[in-house]
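Below, chains carry the letters A, B, ... as their sequence lines are ordered, and counting in each starts from 1. As the structure is a computational prediction, the values presented were derived from the model and not from experiment. Heavy atoms only: backbone and side chains are in, while hydrogens, waters and symmetry mates are out.
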Number of protein chains: 2
Amino acid sequence: MSRPHSGTALSAVDDPAPGCSTLKDCLHCSVRHLAVCSALSPDEVQALERVTISQPLPLGATLARAGEPRQHVYTLTSGALRLVRTLADGRRQISSFVLPGDYLGLTGSDHHRYDIEAIADSRVCRVALSQMKDLRARYPHLERKLLQRACQELDAAADAALALGRLQPAEKLADFLLRLAAREAPLGGNALRVTLPMGRGDIADHLGLTMETVSRTFTKLRQSGLIALPHLNTVEILDQDGLRELSADEGWA
Amino acid sequence: MSRPHSGTALSAVDDPAPGCSTLKDCLHCSVRHLAVCSALSPDEVQALERVTISQPLPLGATLARAGEPRQHVYTLTSGALRLVRTLADGRRQISSFVLPGDYLGLTGSDHHRYDIEAIADSRVCRVALSQMKDLRARYPHLERKLLQRACQELDAAADAALALGRLQPAEKLADFLLRLAAREAPLGGNALRVTLPMGRGDIADHLGLTMETVSRTFTKLRQSGLIALPHLNTVEILDQDGLRELSADEGWA
DNA sequence: CGATCTATTGAAGGGGATCAAAGCGAGTGG
DNA sequence: CCACTCGCTTTGATCCCCTTCAATAGATCG
């Protein structure tokens, strides 16, 4: 995704942003911002840091609800979130899971379009919309990075649509696991050992299945020798090529 | 969506862009560009026109295939396209239908991610990637408009995911018809009379159903008095509120 | 160790897919 | 002008997979 940034720019920070409990928080915060908007200039980094507030978000907490007016954009620095849309009768669709480094705020609406909920103890970086607007006007480079990120998310959304519309349960799950592995790998994780921050029900609501079908499909993949399940929330990918073949791949990413 | 632009800027054009058969083509072309990137300055409009080439695309023609390197971005000026992803075994997913005014080129990949096919006699405006890059660098305003458009498409993609994953056939079709009506309305169409440029099979591959189910569902909606089908490709919306209720709405857009 | 939540496994039912055939409509040629 | 043909759509009958409902197993925590 984004190549690591030389840490030197961070030394320019001289005072913690308001709301940051410690300077260390701010630094951590900034590093994650860099993961999103790679190759920013020191100038841009400083400007971002000045308006950024780090905010903890315990497991189960709700950062925003669908329909509320948007006030901030966020970057996840640790933990995991889910973006949930719920129908009147309770049916849920999880648009996506948010992992550290992900940016939250690419929408055309001035209201939240889904609930944002923490599925693990998390920490987000918060920037007020108005300040973000100023920054974007001042640093065209930042805008370009956001556009780039938006385009990548559009590609991912098209992939998800293909999976939702045309893949069978086993194919959906294989596809899901491979994507998750690919996303966790650059965060320092092992590509062959995937940690699932979400429960079976959440996976089901993401893939358009029921929890039971997800569970059964996990069992089937395990019995086929494609994966192992050392713990409930840990998947070991035993046969990456097999999974890829099963997922119908969608190759040329 | 985008408010109409005063036509005066167009008078600044003094020579047709290379490849345009007539000046009228260029003007038409530009008008559509304006529909996409509303409120551009006369300067920006001229710059866009200079690098734009109008290109006809007969029904059934393929503009690009998945995997090919991307060379241009496009704007559809007339007709209709479909964006198709096909699996090895023939299963298809139509990511979206492209209607006049739509922009084609918001992707993070330098290769096409789907086949682009004309489902009606069409005409596109073409701009070389390199020239588009120059334009974007020179006019930050253009970049901002593209980002805005990308965010809107992300919202639409999330809606589509909810529909694909959690709605039943009748709900999917109701949702689809309402969205199509909303898209055709600003193009001068009647919101209560929707023209379907695509066949039943295409609708099926867009909604994750089979052609048979789509057909049966059309019949059901007609028998329920929600719609009428004067011709195969014309839908009359008789009970907009009923359709909206059926589609589970997803309200707050 | 028991309580509670989540995941897994089992049995039964339904809804959409699949296979197959009949309509319908536009275009063609006699 | 009509008959014919070809493609697409509609309708029908059957089947299978996923859902639903229900019960068991497992994990986490007090």
Is any side-chain nitrogen or oxygen of [X] closer than 4.0 Å to OP1 or OP2 of [N]?
X: T213(A); N: dT19(D); result: yes
X: R216(A); N: dT9(C); result: no
X: T210(B); N: dG16(C); result: no

Legend entry - Distance in Å, L196(A) CG paired with H231(A) NE2, rounded so as to fall on 0.5 Å steps: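 Taking CG in L196(A) and NE2 in H231(A), the distance rounds to 12.0 Å.
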
Between atom [atom1] in [X] and atom [atom2] in [N], what is the gap in whole Å?
X: D202(B); N: dC8(D); atom1: CG; atom2: C1'; result: 12 Å
X: R200(A); N: dT19(D); atom1: CZ; atom2: P; result: 16 Å
X: L209(B); N: dC17(D); atom1: CG; atom2: C1'; result: 16 Å
X: L229(B); N: dT9(D); atom1: CG; atom2: P; result: 12 Å
X: K172(B); N: dG15(C); atom1: NZ; atom2: P; result: 15 Å
X: E212(B); N: dT9(D); atom1: CD; atom2: C1'; result: 10 Å
X: L164(B); N: dG16(C); atom1: CG; atom2: C1'; result: 15 Å
X: F218(B); N: dG16(C); atom1: CZ; atom2: C1'; result: 17 Å

Legend entry - Side-chain donor-acceptor contact under 3.5 Å, R123(A) with S54(A):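 Note: R123(A) and S54(A) side chains meet the donor-acceptor criterion.
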
Legend entry - Distance-only donor-acceptor check, side chains R126(A) and Q55(A), under 3.5 Å: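 There is such a pair between these side chains.
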
Legend entry - Lys/Arg cation over aromatic F218(A): R200(A), 6.0 Å, 45° cone: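 Satisfied, under 6.0 Å and within 45°.
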
Inset, instruction - Please confirm whether any donor atom in the side chain of Q168(A) sits under 3.5 Å from an acceptor in the base of dC18(D), or the reverse. - result: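 In this structure, the two groups form no donor-acceptor pair.
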
